Amino acid sequence: MSAPPAAVPAHIAIVMDGNGRWATRRFLPRLAGHRQGVESLRRCARACVDRGVAVLTVFAFSSENWNRPVDEVSGLLDLTGRALAREVPHLLKDGVRVHFVGNKGALSEKVRQSLSAAESATAHNTRLIMNVCFNYGGRWDIAQAAATLAARGEPITEASLHTTMGLAHVPDPDLVIRTGGEMRISNFLLWQAAYSELYFSDRLWPDFDEAALDEAIAAFNQRERRFGRTSAQVVGANAQAGVLGA
């Protein structure tokens, strides 16, 4: 009897950490690491398309990143605009729809226009939804959802908060990956990752390739996702599903 096929997470989220350290180890400016990180993101998005992942969410610029050196922040913002213009043809070719999540009000008009243009250009793509969390923080996401509901005079419940979050248009992530060797989520998807499987990679983001992605997916397939149930219940439910699907 052959083994069942490995499951592919429907939604993968990634904290793309290690760009600056990658550059520093090569005696390059930190911004060079961020440029290389864009190449890694393109490669990862294409790999997700090839493997049948439906949603990819990446942490590109956190609300705390404003505390970095001014020249690095300005370089990152400038890189974003130029990278988006350059990446749109690749996104169209690969069937990727890009969606930006975060506090856009704090961004310049030029950056906001770049984000909007990329969203519009890729709006009809269907092979992969790629959410780019830009000027985003998990606490901000929860707070803005609560403030929106309060302004509408609507009850603040778990269900209403969920539908007002920045990622309400996609299911919660099955797998959250963090590269760079750090073992924390750093204010990323605090609400949405409540039942996500966490995977930490020592590879710096520019070095995270297709093989590393496959390693993360393989590790995901070794996990037992119980969602509050016992192991026996999970096994029973899986067995019942197998009978019904036979």
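Residues take their numbers from the sequence shown, with the count starting at 1. Everything numeric in this text was worked out from a predicted model, so none of it was measured.
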Close side-chain approach of L204 and R25, heavy atoms under 4.5 Å: yes
Show the nearest heavy-atom pair for residues I177 and A216, with the distance to one decimal. CD1-CB, 3.6 Å
Taking only residues two or more places apart in sequence or in another chain, which ones pass ring pair (Phe, Tyr, Trp, His ring centres under 6.0 Å) with W22? none
Are L92 and V98 joined in one hydrophobic group, where the rule is that I, L, V, M, F, W and Y side chains link up if heavy atoms are under 4.5 Å apart? no
For F59 and Y136, take the angle between the two ring planes, folded into 0 to 90°, and tell me which bin it lands in: parallel under 30, tilted 30 to 60, perpendicular over 60. perpendicular
Please step through side chain to side chain contact (heavy atoms under 4.5 Å, CB included) for the pair V96 and T122, ending with a clear verdict. CA-CA 7 Å; V96 178; T122 62; over 6 Å; no
E197 vs D174 side-chain heavy atoms within contact, under 4.5 Å: no
Can you sort out the partners of R97 under salt bridge (Lys or Arg N to Asp or Glu O under 4.0 Å), two or more places apart, ordered by chain and number? none
Residue set satisfying ring pair (Phe, Tyr, Trp, His ring centres under 6.0 Å) with F208, at least two apart, ordered chain then number -> W205
Specify the closest pair of heavy atoms between A47 and E210, including all atoms of both residues, with the distance to one decimal. CB-CG, 3.9 Å
Interatomic distance, CG@L128 vs CG@L56, rounded to 0.5 Å, equals 5.5 Å
My understanding is that only residues two or more places apart in sequence, or in another chain, count here; which of them pass salt bridge (Lys or Arg N to Asp or Glu O under 4.0 Å) with D17? R21, R178
Using a 4.5 Å cut-off between side-chain heavy atoms of Ile, Leu, Val, Met, Phe, Trp and Tyr, which other residues end up in the same hydrophobic cluster as F27? none
Main-chain N/O of L198 paired to R223 side chain as donor or acceptor, under 3.5 Å: yes
Taking C-beta and beyond as the side chain, do L213 and I12 meet within less than 4.5 Å on heavy atoms? yes
Shortest non-hydrogen contact between F200 and R184, atoms and distance: CE2-N, 3.5 Å
Do N187 and W140 come within less than 4.5 Å of each other through their side chains, counting heavy atoms only? no
Could you state whether V111 and V88 fall into the same hydrophobic cluster, counting links through intermediate Ile, Leu, Val, Met, Phe, Trp or Tyr residues with side-chain heavy atoms under 4.5 angstrom apart? no
Nearest-0.5 Å distance that lies between atom CE in M183 and atom CG in D202: 9.0 Å
Is V15 close to I185 at the side-chain level, that is, under 4.5 Å between some pair of heavy atoms? no
For N103, side chain to side chain donor-acceptor pair (under 3.5 Å) partners two or more places apart: none
Residues two or more places apart in sequence or in another chain: which of them pass ring pair (Phe, Tyr, Trp, His ring centres under 6.0 Å) with H169? H99
Side chain to side chain donor-acceptor pair (under 3.5 Å) against S40, all qualifying residues, sequence neighbours excluded: R43
Looking at side-chain heavy atoms only, is the closest gap between V55 and L167 below 4.5 Å? no
Going by heavy atoms in the side chains, are P173 and T57 under 4.5 Å from each other? no
Take H162 and D172, measure what side chain to side chain contact (heavy atoms under 4.5 Å, CB included) needs, and give me the verdict at the end. CA-CA 10 Å; H162 190 80; D172 289 343; 3.3 Å; yes
Check F188 against A13 and note the closest heavy-atom contact, atom names and distance. CE2-CB, 3.8 Å
Quick check for you: to the nearest 0.5 Å, what is the distance between E154 atom CD and L149 atom CG? 5.5 Å
Does the side chain of M130 come within less than 4.5 Å of L91's, by heavy atoms? yes
What verdict does the side chain to side chain contact (heavy atoms under 4.5 Å, CB included) test give for D214 and R51, after you've listed the backbone C-alpha separation in whole Å, the side-chain angles of each residue and the deciding distance to 0.1 Å? CA-CA 9 Å; D214 287 338; R51 285 153 181 75; 2.6 Å; yes
Could I get the full list of side chain to side chain donor-acceptor pair (under 3.5 Å) partners for E109, not counting sequence neighbours? R112, Q113
Quick one: pull up NZ in K110 and CG in L115 and give me the separation to the nearest 0.5 Å. 12.5 Å
Salt bridge (charged side-chain N to carboxylate O under 4.0 Å, His left out) pairs, two or more places apart, involving residues 117-141: K104-E119
Locate the shortest heavy-atom distance separating H11 from V170; write the atom from each residue and the value. CE1-CG2, 3.9 Å
With sequence neighbours excluded, what pairs up with T148 under the side chain to side chain donor-acceptor pair (under 3.5 Å) test? none
Please tabulate, for side-chain N and O atoms in residues 32-39, each donor-acceptor pair with protein atoms closer than 3.5 Å (sequence neighbours left out).
residue: H34; atom: ND1; partner: N19; partner atom: ND2; Å: 3.4
residue: H34; atom: NE2; partner: E72; partner atom: OE2; Å: 3.0
residue: E39; atom: OE1; partner: R42; partner atom: NH1; Å: 3.3

Between the OG1 atom in T157 and the CG atom in L161, the distance rounded to the nearest 0.5 Å is 6.5 Å
Tell me the closest heavy-atom pair linking H90 and R86, and the distance in Å. CD2-O, 3.5 Å
